[in-house]
Each structure stands twice: as C-alpha cells, then as structure tokens.
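Each remark here refers to the structure printed beneath this line.
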Amino acid sequence: MASTTTTEGVVPWPTDLAAQYREAGYWKDELLTAPIWRMAARRPDDIALVDGETRIGYAEMCRRADALGARLRELGFETDDRVVVQLPNTWEFVIFTLGCLRAGIIPVMALPAHRRHELEYLAEHSEAVAMVVPDILRDFDHQALAKAIRDAVPSVRDIIVLGDAHADAIDLRGLCALPADHEDPAATLDALPISPDAVALFLLSGGTTGLPKLIPRSHNDYRYNAEVANEAARFDDSTNYLVTLPASHNFPLACPGLLGTFLAGGTVVMLQSPEPSRAFATIEAQRVTHVAAVPAVVQRWIDYEEAERTGQLATLRVVQVGGSRLVDELAARVKPVLGATLQQVFGMAEGLLNMTRLDDPEPIVIGTQGRPVSPGDMVRIVDEDGDPVPLGGRGVLHTQGPYTLRGYYKAADHNKRSFAPDGWYITGDIVELREDGNLVVQGRDKDLINRAGEKISGEEVENLLYRHPGIEMNAAVAIPDPALGERVCVYATLREGVQIELDDLRRLMRDAGVAGSIVTLLCDRGARYRETLYDPAWLAARGIDPSPWKSKL
Ligand code: OOB
C-alpha cells in the first residue's frame, strides 16, 4: 500500500483515505505552525501567551520559538530527532514545543506524574536524543533523574533544564531568548524540508496494557484536530484560554487547547495548578473565557464557588469537561454555579473527538458526551462478536478518520489487538450511540483505571507488584471514588506467613520509580484471601464491578 508518510515504525493512512482527506480540505499540506506564523505577521502585537507577569505577543512568541529551533539545530539536533518533554505549564513549554515543530524535532509529550519507570521507557522506545525537564519541582529532582536516564539510555545525549541547569546541562531559558537583531532564525527554519505528513509530535496512550504507547500525530492531522475542535468550541480572537490541565496532554494541547487558541488568534494563559483559589484569581485577572477541566477539578471548582461565592468567574463563557465520565448530577450544576456553558468532551490521544455543541439542548449537554467533531470521523459500535449493534444499543466503539491514528509507533503486536482488520481503531470504550447521534460512555472493555482522567494500566501495576516476594497473586482494578471517579485498588493473595501493609506497597512502587499517582494505592486489607478473587458476589456486595476480574482471571 502506498504511504502518506515514510517514518519507520509509523503506520500510514491508506492512500485512498489520504486523498479524500486532502480533497475535503481537512489536510492542508502545511506545517501545523504555518497559520500561527501568519497570525503573527498579521497582528504582531496581540498577546498570545501569558504566564504570571510574563506577557508575550504573537510576533515575539514566534521569534523566540524560531530562535530556539535554530539554536537546537546548531547544537546538532536534526530533523526527526525526538526529545522527551516533561515541563510544567509555563511559557517556556509553549516556546519549546513550537520551536521543535518549526525545526522538525519531535517532542514526546510525557506527563508531569511520570517517573523513571515511564520516562526511561519513553526515551528508549522513541530513541530520544534529549530530555527537557524542570530542575526541581514539588520536591522532586527532575534534573538528577534525567541524568540517570541519560546514563542508562545510549541515545540520550542532552539534558535541557528549566531553572537552575547544571554545567553539563543546557539552559532552557537561554534557548528561548530572543535572537540578536542580525540573526534570522526564521529563514534558517523556513528552508528546512519538513513534510506536512511527517510526525509533528508523539502523544501517549492512556496505557491500555503495559506502559503507554506512542501515538504519532502528523502536522496535517494534528492541525486539523485543533482546527475542527475550534469550530465545535467556537474559539476566536476574543478567546482567553486557561491551561490548567498538564499542557502536554492532548485535551489542553489541541482540543482546541492552546494550539487551537493560537490558530484562532486568541490568548493562552498558563497556570501550573487547578487549585480553585489560584485558578479563580487567574480567571478574574486575565479575563479567561474558556477552560478545559477533568470532572474531579470541576467538582472542586463547583464546591469552592458554592462555598465562597467569589464572583470571580464573570468572564468565563465555556467550561469543557472530559477525560473521564462526568456524572449527570455534576453536569447539571456547571451552568448554575460557574455561570458558563458546559461542553462535554469525550476524546482520546489516539484521535477521535466528540463534543456536545454550545447550542445543544440541555438534556444533550448534561446527559451525553457529544458527537464527533468532524464530518470525516466514522464511528461504529460492535458487540462481543464484532457484529454491529443497532442504534440505541451499547457496544465497543471503533473509529477511523482524518486525525485518528492507524497504528501505535513501533508496536506491531499491540496494533494487531488495537486495530480491526480493516484498520479502524478499537477504542476499548463501551458506548451507547443514541438516535440523535450523540454518544453516552457506559464503561470500557480495556484494562485501565481512569483516576481523575489519568489513565493507569492495571496490568502494569500488577507486574510491578510481583516484584514483592510476599505476593503470590494480585489484580489491580478500578473502584469508585467520589472525588476521583475511580481509584486503584489492589487485591493480593500473600504467601504463607507474610504480612504486607499499604505502606510497603507504596514504598515498592516508589522504589520502582513509577508515576506518583500509581504510588497512592488503595489496598483493601479485607480482600487478601484467595476466595475473594473468585467471588463476584463478594465484590458486588461492596459495590465493585466484577467484570474486570472476569477478564483477568
Ligand atoms: C483524553 O484522552 P486520553 O488519551 O487521556 O484518554 C482517552 C480515554 C477514552 O478512551 C475514554 O476511556 C476516556 O479517556 N475518556 C472519557 C471521556 N473523555 C475521555 N470517558 C468518559 N467520558 C469522557 N468525557 O482523556 C481526552 C483527550 C482529548 C480530549 C478530552 C479527553
């Protein structure tokens, strides 16, 4: 089959579909950054980016990004080189990302919670030449960890640090500095032959089994992702968009997120935490109009506003909520309490985006997760035998479309399970497709735990726990949690005479260097006996869905 891209390990779209996507105008055969740079030429002084006291106009943002891209090239970075990015929500994150896109260098978007276990794997699997990290953040020494990974992974050559860079690391702020007057980094980068079908960046899968998979997103597809999301969320040049979820996640990055905001000519406001008092103060001070949040954050915001009656949210027009299921009761409180229109977003780093529309009637906005944003999105719902489910029934959602991947990067075996023989992506989400075309997420048929939108692989947790010599058998499942939606619960049978406390497991996870959220395990001490593993009635009596057990045992 002829290919639309030639990067090794990347599965191309079939040529007939690629031709359709071009013809329909979804793929514009331009770099993702091109329209943003045109925006900078048209309105150079409009504010593009705000981070605390720092305010950066469109022209300055693009000049800094170009300078960074050219400096990386001078340092020896080449087209198609990969860099693992783990940065907090700062203006430097934006400059770094845009600079890489301009220079054909591919960011691998790690999440802030990731630790050695995940980062080392990402660096190895992507054959990264560099890592970019903060020095110390929330008491964790990221710079030291990056160096340990450099020692362990032969491809990693450079460490780039936001903050206090050691002598053998590169200072990120220096890379972001404005170019000297005589320099013309834009011309250098404009001359680079970068294909719009090339991988622009790698996103991470929500860890279906094992460690996260890498999702290649091309310039053509990711730009369309942000543009078509802009239409559904109606971002325009009056949008002031607050980034408070981790900026490297697809939702705040491009759904429409910060990239959509730049494409629309709006202003992006970076904030490192969704903590209500800081978020609300920022919304008021920066006249924020749009924000994306996960249900757990929306719950905190609603509780805070109800208790404090801050009156700080007057400018807020739209609150997008996604990442995990928003329960109807909470959905119904968004508009009355926060005073903004709710937009439910059921999306995935793999591609397909569903959104309720801003003018949908209330029952749709509150009771569904919306419908695909592009006319090019194709969805089907199938039963356990792979047969189509009639309208109104529920089953596993399959999809293909102009911004949905055709395969994870270098994961041939896994791809056999995650894609139907005709190339459609098997989302693993169990949904109901209503007659009006909207989807309702009912559950999932994949082994992951969705902890406040963060996806944790059950199998990965289990494998790590087997490092404990006292554990004979274990299973990690999701249990309901009022604040997080779900949290990790581990059931274990122990070898004769062994005693294990929750703290022992936490220590084991921390020593294994896994993401912080996985360390916070809930271990039900009453469930340490083999018979409970096999007794669905015992689980049901405690309100635990036994279905993940069936698939595991
Ligand atoms: C977003 O992306 P990921 O890649 O972290 O996770 C995708 C998975 C989906 O397959 C689904 O299982 C779950 O997260 N999910 C939802 C949901 N939105 C995502 N489950 C129920 N209701 C929703 N509204 O989470 C993501 C990517 C782009 C935009 C929004 C979310």
Side-chain angles (χ1 to χ4, degrees), residues 109-114 202-209 212-215 217 222 225-226 228-230 232-233 243 245-260 290-298 319-328 330-331 334 342-356 364-374 377 379 394 396-399 403-405 408 418 425-432 438-458 478 484-486 515 517 548:
M109 292 294 184
L111 292 170
H114 288 150
F202 281 109
L203 298 177
L204 308 188
S205 76
T208 40
T209 53
K213 302 282 173 296
L214 292 178
I215 300 165
R217 303 296 304 251
Y222 211 48
N225 186 110
V228 74
N230 264 352
V243 182
L245 296 174
S248 56
H249 189 272
N250 187 33
F251 190 9
L253 189 58
C255 306
L258 64 94
L259 290 172
H290 295 72
V291 66
V294 292
V297 166
V298 169
V319 178
Q320 293 187 302
V321 184
S324 64
R325 180 72 150 85
L326 178 65
V327 292
D328 295 7
L330 191 56
V334 170
L342 167 67
Q343 179 166 52
Q344 294 216 37
V345 183
F346 162 39
M348 52 205 75
E350 285 80 358
L352 178 69
L353 280 177
N354 305 280
M355 296 188 186
T356 56
I364 291 180
V365 173
I366 289 172
T368 83
Q369 279 66 59
R371 51 197 178 277
V373 291
S374 164
D377 288 321
V379 294
R394 64 174 68 170
V396 176
L397 173 67
H398 292 192
T399 185
Y403 59 99
T404 294
L405 87 174
Y408 294 103
S418 298
Y425 170 56
I426 303 170
T427 66
D429 291 310
I430 297 174
V431 304
E432 176 195 330
N438 289 291
L439 300 171
V440 180
V441 181
Q442 301 282 8
R444 65 176 170 261
D445 178 29
K446 52 186 172 185
D447 183 15
L448 62 76
I449 299 147
N450 189 335
R451 188 181 193 275
E454 199 175 333
K455 316 304 182 315
I456 297 167
S457 156
L484 300 167
E486 293 176 7
S517 47

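Counting starts at 1 for both ligands and their atoms, in listed order. Sequence positions, counted from 1, serve as the residue numbers for this chain. Hydrogens, waters and symmetry mates are skipped; everything else that's a heavy atom, side chains included, is used.
Here Gln344 has no heavy atoms under 4.0 Å from ligand 1, in either its backbone or its side chain. In Ala292, neither the side chain nor the backbone holds a heavy atom less than 4.0 Å from any atom of ligand 1. Only the side chain of Lys455 comes within 4.0 Å of ligand 1, counting heavy atoms alone; its backbone N, CA, C and O stay farther away.
Between Gln320 and Met355, some side-chain heavy-atom pair lies under the 4.5 Å cut-off.
Between the side chain of Asn450 and the main chain of Glu486, no donor-acceptor pair closer than 3.5 Å is present. For the pair Gln344 (side chain) and Val365 (backbone), a donor-acceptor distance under 3.5 Å is present. Panel note: side chain Asn230, backbone Gly260; a donor-acceptor pair is recorded below 3.5 Å. For Lys446 (side chain) and Thr427 (main-chain N/O), a donor-acceptor pair under 3.5 Å exists by modelled atom type. A side-chain donor-acceptor contact under 3.5 Å links Arg325 to the backbone of Val441. Asn250 places no side-chain N or O within 3.5 Å of a backbone atom of Leu203 that could act as its donor or acceptor partner.
Residue, atom and distance of the protein heavy atom nearest to atom 23 (C) of ligand 1 are Ser324 O, 3.5 Å. Of the protein's heavy atoms, Met348 CA, 3.5 Å lies nearest to atom 2 (O) of ligand 1. Closest protein heavy atom to atom 30 (C) of ligand 1: Phe251 CG, 3.4 Å. For atom 15 (N) of ligand 1, the nearest protein heavy atom (residue, atom name, distance) is Gly323 O, 3.4 Å. Shortest contact from atom 24 (N) of ligand 1 to any protein heavy atom: Val345 O, 2.8 Å. Nearest protein neighbour of atom 12 (O) of ligand 1, counting heavy atoms only, is Asp429 OD1, 2.5 Å. Given atom 7 (C) of ligand 1, the protein heavy atom at minimum distance is Gly347 O, 3.4 Å.
The shortest non-hydrogen separation linking Val379 to Leu352 is CG1-CD2, 4.0 Å. Of all non-hydrogen atoms in Ala233 and His290, the two that sit nearest each other are O-NE2, 4.0 Å.
At a 4.0 Å cut-off, at least one heavy atom of Lys446 sits close enough to ligand 1 to count as contact.
The contact set between ligand 1 and Arg325, taken as ligand atoms under 4.0 Å from a residue heavy atom, comprises 20 (N), 21 (C), 22 (N). In the vicinity of Cys255, heavy-atom distances shorter than 4.0 Å reach the ligand 1 atoms 28 (C). Below 4.0 Å from some heavy atom of His249 lie the following atoms of ligand 1, by number and element: 1 (C), 2 (O), 3 (P), 5 (O), 25 (O), 26 (C), 27 (C). Proximity to Gln369 (heavy-atom distance under 4.0 Å) selects the following atoms of ligand 1: 22 (N), 24 (N). Every atom of ligand 1 is numbered from 1 in the order shown, and the set under 4.0 Å from a heavy atom of Ala349 is 2 (O), 3 (P), 4 (O).
With Arg371 as the fixed residue, the side-chain hydrogen bond (donor to acceptor under 3.5 Å, both in side chains) test singles out one of Asp377, Asn354, Asn438, Thr356: Asn438.
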